[in-house]
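Read through the structure below, which is laid out as structure tokens, and then see the notes.
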Amino acid sequence: MKERTRLDFLLTNSFKANFTFLMSAFAIVLYAQYPTKERELCMYAILFSTVADLVLMDYNNIPALVFGKKRFYVGMALFGVTHVLYTCCFYHKLASIETFSMTNLIVGAVSALCVFVFSMVFSTHLTSEKDLVFRVAVYVYVVLISVALVVIYVYSFAGNHIMPALGITLFLISDMFILIRETKRDTEMLRKLIWVFYPIGQLLIICGV
């Protein structure tokens with residue numbers, strides 16, 4: 001019999017569903033209390049990511065029934081929309097900063113560029129043996145999350161708000177774990193790490209808006 005560990009709950013759909021529903025509720029409550037354009041965009045981003053979570057976890061076997069083998073691509077597309085909304089959200093926040101350090105701005109932009117280059121190289125290595133459709137889908141997704149990452153990094157460094165930058169970084173790391181799972185090796189530890197980095201990353205982003 002397999003020995004259970006304290007982190008086994010991270011593999012259950014009940015935990016994943018409860019977390020993603022609570023995350024959406026949290027974003028909605030924050031917007032209701034402080035109804036700004038940025039919080040509205042963040043709320044929509046979280047709602048899209050919640051739907052993406054439900055699709056990827058095959059909630060109640062419905063996504064597999066509706067989308068079949070395309071379920072992974074549908075989830076990826078929904079998360080792509082999430083990152084577009086994050087980009088718009090933090091672009092608005094960046095535009096609202098009246099004064100900022102040019103040095104911090106440059107550091108943020110360079111750091112984001114380095115992360116983007118690493119992500120593209122890493123993704124290229126992992127997807128080298130996959131078909132063209134999968135590779136193109138991954139590249140498009142990496143570009144979308146990287147654009148969000150650039151805007152969030154620039155905002156975070158320019159305005160000295162480190163929380164969202166840390167959040168999008170953890171989000172990206174969880175995505176790289178998913179890519180490893182889908183291309184190289186699928187292990188329970190990898191699946192657990194995804195649901196350690198992803199929730200923390202999302203919460204940091206929400207709280208940083």
Side-chain angles (χ1 to χ4, degrees), residues 10 15-57 59 63 74-102 104-105 107-109 111-113 115-116 119 140-176 178 194-209:
L10 294 171
F15 163 75
K16 297 175 184 178
N18 288 336
F19 168 78
T20 199
F21 287 138
L22 287 173
M23 186 171 61
S24 284
F26 182 41
I28 292 171
V29 168
L30 286 180
Y31 173 64
Q33 289 183 331
Y34 310 100
T36 64
K37 184 64 177 178
E38 294 84 359
R39 287 198 181 277
E40 181 181 11
L41 289 167
C42 180
M43 177 184 67
Y44 291 142
I46 296 301
L47 291 174
F48 268 98
S49 66
T50 288
V51 178
D53 287 334
L54 297 176
V55 169
L56 291 176
M57 76 176 69
Y59 186 68
V74 173
M76 189 186 297
L78 290 167
F79 271 123
V81 175
T82 294
H83 296 309
V84 171
L85 290 168
Y86 276 152
T87 300
C88 296
C89 170
F90 283 93
Y91 177 79
H92 276 277
K93 290 191 72 67
L94 178 62
S96 67
I97 299 178
E98 296 180 357
T99 58
F100 52 82
S101 166
M102 185 58 67
N104 288 351
L105 187 66
V107 170
S111 299
L113 180 61
V115 174
F116 168 68
S119 300
V140 170
Y141 179 82
V142 171
V143 168
L144 290 176
I145 191 174
S146 295
V147 171
L149 184 139
V150 168
V151 174
I152 292 174
Y153 266 45
V154 171
Y155 163 75
S156 295
F157 280 84
N160 293 318
H161 305 294
I162 197 62
M163 192 179 296
L166 180 58
I168 194 65
T169 302
L170 295 179
F171 199 137
L172 179 61
I173 291 173
S174 73
D175 283 338
M176 292 299 107
I178 291 175
I194 291 168
W195 277 91
V196 169
F197 283 85
Y198 169 70
I200 297 173
Q202 284 279 56
L203 289 173
L204 287 174
I205 293 173
I206 297 173
C207 293
V209 175

Ring pair (Phe, Tyr, Trp, His ring centres under 6.0 Å) partners for Tyr86, two or more places apart:
none

To the nearest 0.5 Å, atom OH of Tyr198 lies from atom CG of Leu203 at 9.5 Å

Can I get a per-line list of side-chain donor-acceptor pairs under 3.5 Å for residues 23-30, giving both atom names and the distance, sequence neighbours left out?
residue, atom, partner, partner atom, Å
Ser24, OG, Thr50, OG1, 2.5

Qualifying residues under ring pair (Phe, Tyr, Trp, His ring centres under 6.0 Å), relative to His161, sequence neighbours excluded:
Tyr155

Closer than 3.5 angstrom, by distance alone: can the side chain of Ser146 be matched with the main-chain N or O of Phe116 as a donor-acceptor pair?
no

To the nearest 0.5 Å, what is the distance between NZ (Lys16) and CD1 (Ile194)?
7.5 Å

Results of side chain to side chain donor-acceptor pair (under 3.5 Å) for Tyr153 - residues two or more places apart only:
Thr169

Work out which heavy atom in Leu144 is nearest to a heavy atom in Thr87; give both atom names and the distance.
O-OG1, 4.5 Å

Using the ring pair (Phe, Tyr, Trp, His ring centres under 6.0 Å) criterion, which residues pair with Phe197? Sequence neighbours excluded.
Phe177

Taken in chain and number order and not counting sequence neighbours, the residues that satisfy side chain to side chain donor-acceptor pair (under 3.5 Å) with Tyr91 are none

For a side-chain contact (heavy atoms from CB on, under 4.5 Å) check, start with the C-alpha distance between Gln202 and Ile46, then their side-chain angles and the critical distance, and finish with the verdict.
CA-CA 8 Å; Gln202 284 279 56; Ile46 296 301; 3.9 Å; yes

Taking only distance into account, with no hydrogens and no angle test, what donor-acceptor pairs under 3.5 Å do side-chain atoms of residues 34-43 form with protein atoms, sequence neighbours excluded?
residue, atom, partner, partner atom, Å
Thr36, OG1, Arg39, N, 3.1
Arg39, NH2, Val209, O, 3.1
Glu40, OE2, Tyr44, OH, 3.2

Please give me the minimum heavy-atom distance between Ala52 and Leu78, naming the atom from each residue.
CB-CB, 3.6 Å

Just jot down the side-chain contact (heavy atoms from CB on, under 4.5 Å) partners of Leu22, sequence neighbours excluded, or say none.
none

Under the rule for side-chain contact (heavy atoms from CB on, under 4.5 Å), what residues qualify as partners of Ala77, not counting sequence neighbours?
none

Considering non-hydrogen atoms only, spot the tightest contact between Ser119 and Leu172 and give its length.
OG-CD2, 3.3 Å

Can you give me the closest heavy-atom contact between Ala148 and His83, atom names plus distance?
CB-O, 3.6 Å

Who are the side chain to side chain donor-acceptor pair (under 3.5 Å) partners of Asp175, not counting sequence neighbours?
Tyr141

For a quick test of reading the model, state the closest non-hydrogen atom pair linking Leu54 to Thr20 and the distance between them.
CD2-CG2, 4.2 Å

Contacts of type ring pair (Phe, Tyr, Trp, His ring centres under 6.0 Å), residue Phe19, not counting sequence neighbours:
none

Step by step, work out the side-chain contact (heavy atoms from CB on, under 4.5 Å) result for Leu85 and Val81.
CA-CA 6 Å; Leu85 290 168; Val81 175; 4.1 Å; yes

Minimal non-hydrogen separation, Val142 against Ile145, with atom names
O-CG2, 3.3 Å

Step by step, work out the side-chain contact (heavy atoms from CB on, under 4.5 Å) result for Met176 and Ile173.
CA-CA 5 Å; Met176 292 299 107; Ile173 291 173; 5.6 Å; no

Can you name the residues that form a side chain to side chain donor-acceptor pair (under 3.5 Å) with Tyr31, not counting sequence neighbours?
none

What distance do Cys207 atom SG and Ile205 atom CD1 have between them, rounded to the nearest 0.5 Å?
10.5 Å

Close side-chain approach of Leu204 to Ile200, heavy-atom, < 4.5 Å
yes

Trace of the side-chain contact (heavy atoms from CB on, under 4.5 Å) decision for Val107 with Ser111
CA-CA 6 Å; Val107 170; Ser111 299; 4.0 Å; yes

